[in-house]
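Each remark here refers to the structure printed beneath this line.
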Amino acid sequence: PDSWTPEQARMLVESFIHWAEETPRENFQLAIVHVETNQLLGSCGVRKKGYSEGQAAFGIGIDAHWWRRGIAKEAARTILEFGFHKLDLQEIHSETVSANEGAVKLVEGLGFIREESRPTESWMAERGWTAVNWVLTRDVWKPRR
């Protein structure tokens with residue numbers, strides 16, 4: 001969402017806590033908070049659940065007020081490094097909406113390679129948007145560190 005209500009933030013953090021308590025842990029979705037105010041800015045994570053061994057999904061969401069400040073790139077680099085080197089992942093996948101230029105720029109800047117576009121939900125398709133799948137491999141990530 002463009003801004004978080006206290007209830008939305010609470011529910012989001014509760015989901016992260018639940019995932020952290022699972023054994024074995026498969027999802028690592030972390031809150032992004034402002035260092036000085038502790039304000040919730042968004043979340044970023046890698047989620048292995050539902051993926052083959054050595055693979056995971058990457059996702060990030062930042063409150064619109066904090067866009068274009070480098071926060072998404074810093075958080076993404078941190079969680080991708082964690083995924084490749086602590087979780088020993090070989091591939092990390094992501095999905096963007098074709099019209100989300102900021103998300104496309106972020107994943108391209110991180111080294112993700114565009115795999116395919118596919119139709120998406122009807123309300124998005126009516127606008128001419130597609131879902132774009134991306135992949136980042138450990139081999140591509142290593143030289144970019």
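In this chain, numbering begins with 1 at the start of the sequence shown.
S117 meets the side-chain hydrogen bond (donor to acceptor under 3.5 Å, both in side chains) test with R114; sequence neighbours excluded. For E14, the salt bridge (charged side-chain N to carboxylate O under 4.0 Å, His left out) partners at least two apart in sequence or on another chain are R10. Considering only residues two or more places apart in sequence or on other chains, E53 meets the side-chain hydrogen bond (donor to acceptor under 3.5 Å, both in side chains) condition with none of them.
Closest approach of V104 to S98, counting heavy atoms only: CG2-O, 4.4 Å.
Residues W129 and T96 fail the side-chain proximity criterion, which asks for heavy atoms closer than 4.5 Å. Looking at heavy atoms from C-beta onward, I71 lies in side-chain contact with L41 at the 4.5 angstrom threshold. Looking at heavy atoms from C-beta onward, L80 lies in side-chain contact with L110 at the 4.5 angstrom threshold. Counting heavy atoms from C-beta on, the side chains of I92 and W134 never come closer than 4.5 Å. K48 has its side chain within reach of L89: a pair of non-hydrogen atoms, C-beta onward, lies under 4.5 Å apart. Side-chain atoms of F84 and T137, non-hydrogen and from C-beta on, never get closer than 4.5 Å to each other. Looking only at side-chain heavy atoms (C-beta outward), Q90 and Q55 stay at 4.5 Å or farther from each other. Contact of the F112 side chain with the V135 side chain is not registered, since no non-hydrogen atoms from C-beta on lie closer than 4.5 Å.
Both tests pass for R69 against the ring of W66: distance under 6.0 Å to the centre and angle within 45° of the axis.
The ring pair (Phe, Tyr, Trp, His ring centres under 6.0 Å) analysis of residues 89-109, with sequence neighbours excluded, yields the pairs Y51-H93. The salt bridge (Lys or Arg N to Asp or Glu O under 4.0 Å) analysis of residues 91-100, with sequence neighbours excluded, yields the pairs E95-R118.
In this structure, OG in S43 is found 8.5 Å from CG in L30, a value given to the nearest 0.5 Å. Atom CG of N133 sits about 9.0 Å away from atom OG of S94, to the nearest 0.5 Å. In this structure, CD in Q29 is found 8.5 Å from CD1 in I32, a value given to the nearest 0.5 Å. The CZ atom of R77 lies 12.5 Å from the SG atom of C44; values are rounded to the nearest 0.5 Å.
Within a 6.0 Å radius of CD in E74, no more than 12 heavy atoms belonging to other residues, nucleotides or ligands are found.
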Below 3.5 Å, can you tabulate the donor-acceptor pairs from side chains in residues 16-27 to any protein atom, sequence neighbours excluded?
residue	atom	partner	partner atom	Å
H18	NE2	E22	OE2	3.4
R25	NE	N27	O	3.0

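For the residue pair Q8 / T5, a side-chain donor-acceptor distance below 3.5 Å is found, with atom types taken as modelled.
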Run the numbers on F28 and L87 for side-chain contact (heavy atoms from CB on, under 4.5 Å), then give the verdict.
CA-CA 10 Å; F28 298 82; L87 300 179; 3.7 Å; yes

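In this structure, V140 is a member of the same hydrophobic cluster as V107, with clusters built from ILVMFWY side-chain heavy atoms closer than 4.5 Å. A chain of hydrophobic side-chain contacts below 4.5 Å, direct or via other Ile, Leu, Val, Met, Phe, Trp or Tyr residues, connects I79 to W67. Linking Ile, Leu, Val, Met, Phe, Trp and Tyr residues whenever their side-chain heavy atoms come within less than 4.5 Å leaves I60 and I113 in two separate clusters.
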